[in-house]
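These numbers were taken from a predicted model, which means no experiment stands behind them. All ligand and atom numbering here is 1-based and tracks the order in the structure.
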Amino acid sequence: MVNKDEFFREVTVRICSSLDVKTALKRAFDYMSLHLPLDTLSINIQDVSLKAIRRIATIVAGSEQLDQVIHLPKEVWQRMQDRQPIPTIIHNDQDEYFTLLAPYIRLKGNSLISVPLTLDAERIGTLVLGAHGEGRYLPCHLKLITRVANPFAIALVNALSYEKLLKYSDRLLDDNHFLSKELIGLTGPVIGAEGGLRHVAEMVRQVAPLNNTVLLLGETGTGKEVIANAIHAASPRKNGPFIKVNCGAIPENLLDSELFGHEKGAFTGAASDYRGRFERADGGTIFLDEIGELPPAAQVRLLRVLQNREIERVGGSRPIPIDIRVIAATHRNLERMVSKQDFREDLWFRLNVFPIIVPPLRQRKEDILPLTRFFIKRKSQELGMDRAPELAPGAIERLVNYSWRGNVRELENLVERELILHQGGKLRFELLPLERREELHQPPRRDGAPVVLRLDEAMARHLSDVLKIAKGKIYGPNGAAELLGVNPSTLRWRLDKLGIPHGRS
Ligand SMILES: Nc1ncnc2c1ncn2[C@@H]1O[C@H](COP(=O)(O)OP(=O)(O)OP(=O)(O)O)[C@@H](O)[C@H]1O
Ligand SMILES: [Mg+2]
């Protein structure tokens with residue numbers, strides 16, 4: 001018989017020889033099998049979620065296969081929970097419990113030793129030795145094995161932590177995957193890319209493959225964020241992160257740590273290291289929305305980041321290089337802010353390398369119909385409607401004539417409201433706020449001050465006036481076409497384009 005101390009030492013050295021529990025178990029198995037009957041060796045846990053015995057690692061001598069998970073009937077599982085385990089040589093007819101368990105643990109024709117593994121009085125699993133043939137284990141074997149239970153317990157704890165880590169890392173990967181899918185969901189199509197936004201779309205195509213800073217300007221709700229997403233999605237960084245910072249929404253005292261991160265202990269409450277948004281955007285794009293709201297101190301720090309392409313965490317002592325593409329956006333007039341010294345001129349120069357102006361909806365009325373259709377489809381799906389309702393005749397004219405101060409966002413909200421309020425049938429859009437619906441049809445000021453009208457607005461007014469004079473008639477003598485000296489079908493086409501309602505005649 002082997003010397004007990006030597007056995008303990010050799011097994012301990014082997015079971016602690018690798019972080020991979022299977023490798024370590026194999027090394028221990030090879031040694032142990034020289035000194036006692038051994039055909040299978042496994043470390044098991046009771047998996048509460050499965051209500052089963054689960055083998056964390058198993059070594060078998062031949063080509064024999066053992067189940068990874070041993071599912072137990074409810075009553076056997078319960079009996080197992082109620083027992084206080086002790087190191088045991090399991091006999092076939094030892095007691096009623098083992099008779100119940102026997103078919104599940106392959107007791108018949110084999111000998112088994114079971115040793116509970118505990119650490120700090122906590123039961124964590126079981127070490128099971130098996131040998132072919134009955135009655136092969138003696139009390140001296142049990143004693144020998146019981147002495148090495150501790151190193152096996154440590155190996156098991158390590159294996160379990162590792163398993164947990166893998167699970168978390170899988171979950172993180174999954175989260176990441178999910179979030180990028182969410183982001184793809186956000187980057188829907190740019191409606192109007194072939195229409196009223198074609199110049200913008202062209203600039204996006206030019207700038208997307210490059211790395212330069214882009215400044216998106218335009219009124220609220222015009223789609224600046226949609227364009228920022230489109231630039232990222234068409235850029236070589238498209239598989240990297242797209243991190244948005246709403247510069248106006250982060251309280252000033254948190255801004256530095258939110259943008260640049262902080263080191264553990266940098267200030268009260270900094271319990272651990274924190275990666276800021278610039279760091280998170282590494283390899284991708286950072287979208288600095290509402291850049292006009294950035295407080296002066298943060299403007300200085302942003303300028304430094306743009307110049308040096310490196311950041312320093314709050315409380316950090318070394319600069320961290322970052323590889324990012326910057327897209328900034330604002331609905332404010334930055335130039336005016338610079339002249340009023342509300343925005344740093346040097347930062348403005350840095351940002352203003354490639355400005356893209358996203359035009360307001362009133363300057364691209366041709367996009368109203370496709371946008372309305374797009375929102376009807378998307379919103380009716382979101383609202384769980386079976387079918388997207390159609391547009392009633394005249395509805396689009398009403399929309400085109402409306403003055404869209406809130407731009408695309410206002411249109412989107414209006415479509416949603418119309419869908420919620422509509423009682424079946426077609427969408428009429430009759431509930432547009434009245435005062436703005438009529439803005440367009442107010443007579444031009446005649447008090448001598450010149451009124452600057454956009455060309456299509458002036459044309460729309462003139463055509464409406466002429467239609468009134470012609471009593472709505474387009475064709476024939478004294479029809480609007482004749483009065484205007486144009487072809488009736490050209491006139492009809494123009495009226496449609498400007499969204500002016502007209503009859504067929
Ligand atoms: N061309 C477009 N195609 C499809 N959807 C659009 C388009 N433009 C805007 N939208 C939608 O309109 C809404 C407002 O757009 P977005 O948030 O991009 O505007 P914004 O210019 O960033 O506004 P703000 O200045 O208020 O932040 C969003 O829901 C967006 O999906
Ligand atoms: Mg925005």
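With respect to the salt-bridge test (charged N to carboxylate O, under 4.0 angstrom), the residues E412 and R378 qualify. Ion pairing between D289 and K224 fails under the 4.0 Å rule for side-chain N and carboxylate O.
Counted by atom type alone, S489 and N487 present one or more donor-acceptor pairs between their side chains at under 3.5 Å.
In this structure, of K224, E410, R409, the residue bringing a heavy atom nearest to atom 17 (O) of ligand 1 is R409. Which of R378, E412, R332 comes nearest to atom 29 (O) of ligand 1 through a heavy atom is settled by distance: it is E412.
Taking 4.0 Å as the cut-off, A329 does not count as a neighbour of ligand 1 on heavy-atom distance. Residue contacts with ligand 1 include G221, since one of its heavy atoms falls under 4.0 Å from the ligand.
Ligand-side atoms of ligand 1 in range of E290: 27 (O), range being under 4.0 angstrom from any heavy atom. For ligand 1 and L197, the ligand atoms under 4.0 Å from any heavy atom of the residue are 1 (N).
Looking at ligand 1, you'll find an N or O of E225 within less than 3.5 Å of one of its N or O atoms. Considering backbone and side-chain atoms together, G223 places an N or O closer than 3.5 Å to an N or O of ligand 1. Checked against a 3.5 angstrom limit, the closest N/O atoms of I191 and ligand 1 fall inside it. Ligand 1 has an N or O atom lying under 3.5 Å from an N or O atom of V226, backbone or side chain. Looking at ligand 1, you won't find any N or O of R364 less than 3.5 Å from one of its N or O atoms. Taking distance alone, with nitrogen or oxygen atoms compared against 3.5 Å, H331 stays at or beyond that limit from ligand 1.
Residue P189 touches ligand 1 through its backbone alone, judged by heavy-atom distances below 4.0 Å.
With sequence neighbours left out, E219 forms a side-chain contact (heavy atoms from CB on, under 4.5 Å) with T222, P360, R362, N407. Applying the side-chain contact (heavy atoms from CB on, under 4.5 Å) rule to E390 yields the partners K426; only residues at least two apart in sequence or on another chain are considered.
Judged by distance alone, the side chain of D323 and the main-chain N or O of D282 form no donor-acceptor pair under 3.5 Å. One N or O on the side chain of S18 and one on the backbone of D20 form a donor-acceptor pair closer than 3.5 Å. Put simply, the side chain of R428 never gets that close to the backbone of E418: no donor and acceptor are under 3.5 Å apart. For the pair R373 (side chain) and L391 (backbone), a donor-acceptor distance under 3.5 Å is absent.
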